[in-house]
Amino acid sequence: MKATGIVRRIDDLGRVVIPKEIRRTMKIREGEMLEIFTGRENEVVFKKYSPVGGVGESAAMFAEAAAKASGVNVAVCDRDTVTAAAGKDKRAVLGKNVSHTLSELMENRKCYTADNEGASITDTGEGSISHFCPVVADGTVVGGVMSFRTDGFSAPEEAEKQVISTGAMFLSGQIEI
């Protein structure tokens with residue numbers, strides 16, 4: 001753990017304010033859920049909660065099956081990280097932070113199809129999104145499902161779009177907030 005030097009008082013309702021600088025750095029948005037842990041030395045630790053992480057095994061199994069069925073790379077992400085990927089280029093994106101552009105796609109709550117060059121998946125530029133659909137649970141965008149390429153661009157076929165949108169709907173039903 002890293003000390004920030006910031007001290008906050010708990011109010012009479014048990015609330016504590018997380019400073020804006022920390023929320024911005026950690027990409028904590030208004031309404032986002034935090035998981036609370038306690039440590040051995042009177043520590044209270046807040047960790048960003050990822051509902052997609054709770055269905056990680058299902059997400060990984062879907063990505064694997066979708067990649068085999070469609071012959072394209074498939075990835076699943078939460079709001080911050082690529083949590084599952086399958087296909088020949090999965091190592092390029094798995095575990096990486098999502099790009100600002102991908103975050104915006106999630107905020108738009110609509111499926112996206114690349115027309116001549118896909119948006120970047122990660123903040124370091126790996127992977128070009130062919131087709132993307134958000135995963136929405138209880139009215140909240142919790143992540144997304146996408147097909148991607150690392151070796152140039154080709155427009156997604158209709159079957160590829162159907163696989164990705166079906167995966168997003170499936171995972172939306174698996175997640176409970």
Answer with yes or no whether the hydrophobic clustering places [X] together with [Y]; edges join I, L, V, M, F, W, Y residues whose side-chain heavy atoms lie under 4.5 Å apart.
X: M26; Y: V44; result: yes
X: M106; Y: V93; result: yes
X: V74; Y: I121; result: no
X: I6; Y: L34; result: yes
X: V163; Y: Y112; result: no

In this structure, OG of S70 is separated from CD of Q162 (nearest 0.5 Å) by 12.5 Å

Here the gap from T83 atom OG1 to L171 atom CG, rounded to the nearest 0.5 Å, amounts to 8.5 Å

Using every non-hydrogen atom in the two residues, find where [X] and [Y] come nearest and quote the distance to one decimal.
X: A137; Y: S172; answer: CB-O, 4.2 Å
X: C111; Y: P134; answer: N-CD, 4.0 Å
X: A114; Y: P156; answer: O-CD, 4.0 Å
X: A63; Y: A86; answer: O-CB, 3.3 Å

State, with a plain yes or no, whether a side-chain heavy atom of [X] is found less than 4.5 Å away from one of [Y].
X: D89; Y: F148; result: yes
X: I36; Y: V45; result: no
X: T122; Y: V98; result: no
X: V141; Y: V135; result: no
X: V16; Y: D11; result: no
X: L102; Y: C77; result: yes
X: V145; Y: F170; result: no
X: V142; Y: R79; result: no

Taking the side chain from R15 and the backbone from I10, do they hold a donor-acceptor pair closer than 3.5 Å?
no

Just by modelled atom types, is the D80 backbone N or O under 3.5 Å from a matching donor or acceptor in the D78 side chain?
yes

Ion pair present between R149 and E160, side-chain N to carboxylate O less than 4.0 angstrom?
yes

When you check the side-chain N and O atoms of S147 and H131, is any donor under 3.5 Å from an acceptor?
no

For E126, run the salt bridge (charged side-chain N to carboxylate O under 4.0 Å, His left out) check against K96, R91, K90 and tell me which one passes.
K96

